[in-house]
Amino acid sequence: MFQNLIDKSMKKSPWLFHINAGSCNGCDIELVSVLTPRYDAERFGFHLTGTPRQADIVVVSGPITMQSRDRLIRTLAQVPEPKCVVSLGSCPRSGNVFKGSFAIDGPLEKYTHVDVSIGGCTPKPEAIVAGLAKAASILEEKRKAMRKGGIEAVRKMEAEAEKPDAETSGSTADAPAGEKAVKEAK
Amino acid sequence: MILPYLGRAFTNLFRKPATEKFPLEDAPKAQPNYRGRIAYDPNLCINCGLCSRVCAPQAITRTIKPLPNGDSEITLTFDMTSCTFCGTCADFCVKHAIKMTDDYMIVGTKPEDFLVSGTFIKKKPAPPKFTPEQIAAMKAAAEKKRQAAQNAAAGAQPAGDAAKAAPASSEATKPAAPADKPAEAAAKKPESAPADKKE
């Protein structure tokens, strides 16, 4: 009976939980600035919560350091489904300048499905707002899917999102075909 | 006493909000010299590889794919999720093929959304103008000529004619030395072959 009301309310208040996985603090400062009066993400209901158990969107910043890895996994496991993971900045996706370091165990994709990535080092607050808005729309879709088909439907959605596009799959298929190609990975 | 505060309160009542209207409106333009998404022009690139050499986070991947006709297809891919936006690649690019744009809206759901790449064809290098056999023959001819000149000089020296032999030998090498295209000159004049020998 109240389901529609709950859905509407949930749509208007996606709560954020921020995990700093060894970030340099640049992205963290920019994320906090998103909540200041100038960018004011709270008008869309984004609210920084203190516990992962109340969160809908998890924002991860920083390359995943060895020290923070276990905490990250544990925190992500505490977030109730359906959740949306946003990687903030270059670090979680690639390691950025820390790539190849002994203290890094990234990228974030190894541990969870990343729904939205915000590039930049650090991203501008406008880009973060755009990314969060995208994450909120994905979260809404996930919630709908979960209502219909349970958690399997959400997992299916995530797997479909990870598939490369039809047009770009051509270029990715080229890479294994050109095995003779001299690849300089530097 | 409270009057100035009242004045501020009154003006604030009628002021525009300080909040940016961004998601409802267009995103504001970045500051001048902002370093955002990389723009790469493959037509200017000369495949020197400096950009990938100076890139600290190793965000630049160069793929060289040989084509059947001897050309090679060179693809440079810039990974925006790996980039630090330091601008060093753009600074080092001698041909200005890499530029930092002010596009900061780097938001996406797939890895492909973050790749900037360009492809160009590098032509096969021109074949050498002479085969190794031809060069060896020219060298042998030059050596023979030098020997002959030496013998002539040795024979003429007792007669006190060494001064004549010296300009003769310098005359042989002279046309080849300043020539910009010694190979072509060598092809026409076999006597200027010593230039090839020097190379």
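All chains are named by letter (A, B, ...) in the order of the sequence lines, taking the proteins before the strands, and each is independently numbered beginning at 1.
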So for B/Y104, is it side chain, backbone, both, or neither that comes closer than 4.5 Å to the heavy atoms of chain A? both
For residues B/T109 and A/K134, is any side-chain donor paired with an opposing acceptor at under 3.5 Å? no
Might you confirm whether atom CG of B/L3 has over 12 heavy atoms from other residues, nucleotides or ligands at distances under 6.0 Å? no
How long is the span from the OG atom in B/S82 to the CZ atom in A/R93, to the nearest 0.5 Å? 11.0 Å
Go through the atoms of B/P111 and report whether side chain, backbone, both or neither lie under 4.5 Å from a heavy atom of chain A. both
About how many Å separate CD1 of B/I106 and OG of A/S117, when rounded to the nearest 0.5 Å? 11.5 Å
Quick one: pull up CZ in A/F44 and CG in B/L24 and give me the separation to the nearest 0.5 Å. 5.0 Å
Do you know the tightest heavy-atom contact between A/P37 and B/T19? O-OG1, 2.7 Å
Mind checking whether A/S90 and B/F85 have side chains closer than 4.5 Å, heavy atoms only? yes
Interatomic spacing from CZ in A/R38 to CZ in B/F22 - rounded to 0.5 Å: 13.0 Å
Is atom CD of A/Q67 surrounded by more than 12 heavy atoms (other residues, nucleotides or ligands) closer than 6.0 Å? no
Cut-off 4.5 Å, heavy atoms of chain B, and the answer for A/A133 is neither
Decide if atom NZ of B/K123 counts as having more than 12 heavy atoms of other residues, nucleotides or ligands within a radius under 6.0 Å. no
So which part of A/N96 gets closer than 4.5 Å to some heavy atom of chain B, the side chain, the backbone, both or neither? both
Select, from B/S117, B/A18, B/A27, B/C83, the one with the greatest count of heavy-atom pairs under 4.5 Å involving chain A. B/C83
Return yes when atom CG of B/D26 has more than 12 non-hydrogen atoms of other residues, nucleotides or ligands closer than 6.0 Å, and no otherwise. no
CD1/A/I118 to CE/B/M105 distance, rounded to the nearest 0.5 angstrom? 10.0 Å
Least distance between heavy atoms, A/E126 atom then B/E20 atom: OE2-OE1, 2.8 Å
Counting only heavy atoms not in B/Y34, do more than 12 fall under 6.0 Å of its OH? yes
Please classify the contact between A/T36 and chain B as side chain, backbone, both or neither, with a heavy-atom cut-off of under 4.5 Å. neither
When hydrophobic residues are tied together by side-chain contacts of less than 4.5 Å, even through go-betweens, does B/F114 share a cluster with A/I128? no
Do A/V34 and A/L139 sit in the same hydrophobic cluster, where Ile, Leu, Val, Met, Phe, Trp and Tyr count as joined when their side-chain heavy atoms come under 4.5 Å apart? yes
Measure distances from A/I138 to the heavy atoms of chain B and classify the residue's part below 4.5 Å as side chain, backbone, both or neither. side chain
Does CG belonging to B/N69 count more than 12 external heavy atoms closer than 6.0 Å? yes
Should we count CZ of A/R53 as having more than 12 external heavy atoms under 6.0 Å? no
Nearest 0.5 Å, please: how far is CE in B/M80 from SG in A/C121? 11.5 Å
Look at atom CD of B/Q147 and say whether more than 12 heavy atoms of other residues, nucleotides or ligands are closer to it than 6.0 Å. yes
If hydrophobic clusters are built by linking Ile, Leu, Val, Met, Phe, Trp and Tyr wherever their side-chain heavy atoms come under 4.5 Å apart, do A/L35 and A/V86 end up in the same one? yes
